[in-house]
Amino acid sequence: MSPPTHAIAAGRACKRCLRRSWLLAELSGPLEYYARDRARLLELLALEDGELLAAAAGRRKSELHAGYRRFASHHSSQREHEQTICRHDPDYPSALSGRAAPHMLHLSGAAGGLATLAARPLVTIAGSRRASDYGWEMARSLARGLAASGVTVVAALSDGIAIAAHSGALEAGGASLAVMTGGLDVSCPARRRTLYERVKRQGCAVSELPRDVHGRRWGQLASERILVELAALTVLVEAEDTAGQLAPARIARTLGRPVAAIPGRVTSPLSRGTHALLIEGASLVRCPQDVLDLLHQIRAFGPNAPATPMLGGEAQRAVGLPPRLKATLERVGAGCDTPDRLTRAGEEASQVLLALSELELMGLLVRGEGGRYVPRDALGGFASPRTLTAPSARRPASETPRTQA
Amino acid sequence: MLARAHTFTIEGIHTRHVTVEVDVRPGLPGFAIVGLADAAVREARERIQAAILNSGYEFPARRITANLAPGDVRKAGPGFDLALACAVLAASGQLPQDRLERVVLFGELALDGAVRPSRGTLAVAQAAQRANMELALAGARAGEAALIDDLQVSVVGHLRSAARVLSGGRADPLPKHADPARRERSRAASPGTATPNLNEVSGQHHAVRALVIAAAGAHNLLLSGPPGTGKTMLAQRAPSILPPLNKAEAIEVTRIHSLLGSAVDTLAVQRPFRAPHHSITAAGLLGGASSARVGEVVLAHNGVLFLDELSEFTRPTLEALRQPLEDGRVAIARARHSAVYPARFMLLAATNPCPCGYAGDDERCSCSEADIARHRRRLSGPLLDRIDLLAELQLERTLDLRPVPLLSSEQARERVSLARARQARRLAHEQVAVNAHMDARMLGEYVRLDERGAQMLRASSCAGLLSARGEHRVLSVARTVADLNDRARVCASDIGEALALRPDVSRGRRRAA
């Protein structure tokens, strides 16, 4: 490797790494062809520039070769405000050192974002794009607990679990890191724009492709390897038993990174993949505390790790619930999750509705898709539960923090 | 010689008084009708001439000019025949004129002189009663006119009978079916016997509860659930649990339906239930396409408008529902006419939770989050804001092992009627009669919360579960729940129930982030 050349504009990436990024963008078409075969794509991405050109450029080989040799800094100097960082930089995340790791990253976010974020332990949360309400709540509260304990949450910006993870982390006032499938300026879907802006404000978005390259299928597969490689631990929340949904876990396995999974109901197809992982030996995660324990085990926390992260458990939060509400909450947790099922279990419809809204007000339940209720923060979390005060001891109905010291 | 007769024309569902002036003078024989008359009125010339001759009278071989005043109102339909013919007879000296001033003549003439009924009899009868005049009309619709109190109705089956009545003679006998005693009997017969009953619905207890609450306070209700869960079944049972129409409402409803041409000889008993198909246009829903035809919302006045597959309706159609939902009336302005119609109805809507219908069921739903978000957006804006209650139904694969005693329509209707009576007492000095129509001021004045209830409401606003408008809706629904439970004050359990059935707008946004 050549010595670092900090030459180009505000970006800190060297010309060679910028050229790599340009090359990937130019090869976007041929690489899309390899998107059908994950393993082959990752092998290609592990190749050095020359070999990659030879392997993937096809008929454009000579043209691209000429462009490659003529590659000048003007490609980037036009956009001086751009933040970039390459593997020759001391601040480049040390985790990205694998054979197939990206050579450089385009960044967007708070100043010094990536360095600060990567200094903390990173955990990737991944899973289905079509999450159930259960999966959604699990991912959200896991991310929230982790962010509040000083862990950086890494996730894609795709539907389902990934979005839940980002919103959980941001909710806790923490930072999250979004790995984009294409260029930073163009690959964010319009409906995620608000969330994307928040991620950039509080955390950071990264991509290995130039800013104006549209996200394609191969870009998504390539971003999965960055996701997994960045983090010390990968947690799958809900995933079906398909190669696509389990890809992050498979990549982590090949890299020798630990994988964890949150179990779901055994009959739910959305949890089949995570259950398969658990059988194969992935660590089981029930709450943010489990993840923190795992991080301690793999020494992801530095020497100045917090001794005991602060977490309140579910049992603690349900203390002081009237037996009637407690029974309803337990029944919802056990699968009687609609007003109708609860009524069948032997109560008046009006009583059931009352209990459900009381629990919802306390923040113990949320109403999900199709009128099904989902236990909220069953993992235990940091958000202050909203308490309904008993008539005897009245306090203002504002939020009463119940985090345990 | 000049003669004047009186009749009414129909504009939409309103009536306008029309004076028929006929002048007969020497000149070239001819018959001209002026005064913005449409084709059907101009054709009256031929009918009137034939009817007068075939009834044994003489058609004056002089210059006849008929004027329909006021001249700026369009006159449509054949209902002017009788008045025109009588005015011609009076103007030619074959009839005394004095009684013509006090009688409203309404009917179409056959060529042999027989009088045929015209649509809108009830509205004309009402107008005649207000104008303090008598009404002479054909026997077939006399029953309809007899529904109006304090109105003298003369049945005239033929032009000759009309002449007899106008000369001070007696009218034809009332046909049998218009007999008031018989009508009272049929009105007293238990309503809703032939309609579907609520106790045929198995399970879906909370949806049934939501329907009862909606009926008690005339709240708008959205039923959401996968196909086959009984959304339509529930909605069809809504009329059976609504209280019967009172006299004033019944006349309004009957009048609207009589204007459409359906023969009515008893007052409507059941509240109307209109279920237009989702291919309906805004004009079909509100009315007023070319002629002043009324739309489905007007036909559903005092009753239920059921929109099945809500998300399939076009957006302009749903947007058009805003005004009637807000004001209880619909104002239509077209190039040729403008009109305000009453449209105070309870909206029942049913929809699938997502395009495939199985959202929330991980195994069966095949929609992506984007699909679901799109589906939500279709509904959210215009309409969800005006819906007070949301009941989400689920597909149950297990049998109901513990059948809760079923609520029959009769029981439900009794409870609903009691709750409505409580509301009517409370709102006696207001323009509205039910909780759903209370505005912010009335909510502040009439909805008294107990301390715990107030706290619960405050907590839910703090928790971000409710917007300001949402809070109003929960208050009015909670008031209805308290009325059903016969409580003067709204307590926490009423608020809780209203909260659990609130339409959730924040949820749509949650995942869209």
Side-chain angles (χ1 to χ4, degrees), chain A residues 129-136 159-160 163-164 166-167 189 191-192 194-195 198 238 264-265 267-271 337-346 348-358 360-363 366-372 386-389 391 394 396-399, chain B residues 203-210 224-226 353-354 358-363 365-370 372-373 390-394 396 398 400-404 451-452 455-456 458-463 465 481 484-485 492-502 504 507 510-513:
Chain A
R129 285 164 172 260
R130 261 188 54 209
S132 69
D133 283 303
Y134 162 81
W136 217 86
D159 288 351
I163 290 301
H166 281 297
S167 47
R191 64 177 188 285
R192 301 295 180 212
T194 330
L195 182 76
R198 277 179 66 204
E238 232 177 18
R265 230 185 273 180
T267 52
S268 166
L270 279 173
S271 290
D337 53 357
T338 66
D340 204 47
R341 285 191 195 154
L342 286 165
T343 312
R344 280 157 197 253
E348 272 291 308
S350 55
Q351 289 305 309
V352 167
L353 293 176
L354 169 63
L356 287 173
S357 28
E358 280 184 75
E360 194 180 359
L361 274 184
M362 292 180 198
V366 284
R367 195 159 70 178
E369 211 68 66
R372 288 176 169 76
R386 289 173 287 261
T387 47
L388 248 192
T389 46
R394 219 163 265 126
S398 61
E399 307 200 336
Chain B
Q204 307 298 10
H205 306 289
H206 86 290
V208 170
R209 175 75 182 159
S224 162
C354 68
Y358 294 99
D361 191 337
D362 304 339
E363 289 160 49
C365 181
S366 56
C367 304
S368 72
E369 294 221 332
I372 296 178
L390 166 72
E392 286 178 298
L393 290 81
Q394 292 89 19
E396 288 301 339
T398 51
D400 200 345
L401 293 178
R402 178 189 155 279
V404 180
E451 221 166 323
R452 216 169 120 61
Q455 213 169 33
M456 193 148 174
R458 240 187 347 261
S460 51
S461 321
C462 289
L465 297 181
V481 178
L484 276 172
N485 295 338
S493 71
D494 305 328
I495 295 272
E497 227 179 308
L499 270 177
L501 292 170
R502 76 186 186 282
D504 214 335
R507 183 157 44 112
R510 190 190 73 173
R511 287 199 169 193

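Keep in mind it's a predicted model, so treat the numbers as computed, not measured. Atom set for the values below is all heavy atoms of this structure, side chains included, hydrogens, waters and symmetry mates excluded. Throughout, a chain's letter reflects where its sequence line sits, starting with A, and its residues are numbered from 1.
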Please state whether the side chain, the backbone, both or neither of [X] comes within less than 4.5 Å of a heavy atom of chain A.
{"X": "B:A492", "answer": "backbone"}
{"X": "B:E497", "answer": "both"}
{"X": "B:C354", "answer": "neither"}
{"X": "B:S493", "answer": "both"}

- Note on the structure: Most contact-rich option vs chain B, by heavy-atom pairs under 4.5 angstrom, among A:T338, A:D159, A:L356, A:L353, is A:L353
- Message: Please find the pair of heavy atoms, one from A:R130 and one from B:C367, that lie closest to each other, and give the distance.
- Response: CD-O, 3.4 Å
Does [X] reach the side chain of [Y], with side-chain heavy atoms less than 4.5 Å apart?
{"X": "B:R209", "Y": "A:S350", "answer": "yes"}
{"X": "A:E358", "Y": "B:I495", "answer": "no"}
{"X": "B:L499", "Y": "A:E360", "answer": "no"}

- For the pair B:M456 and A:L354, evaluate side-chain contact (heavy atoms from CB on, under 4.5 Å) and give the outcome as yes or no after the intermediate values. CA-CA 11 Å; B:M456 193 148 174; A:L354 169 63; 4.2 Å; yes
- Could you give me the CA-CA distance, side-chain angles and deciding distance for A:L361 and B:Q455, then say whether side-chain contact (heavy atoms from CB on, under 4.5 Å) is met? CA-CA 11 Å; A:L361 274 184; B:Q455 213 169 33; over 6 Å; no
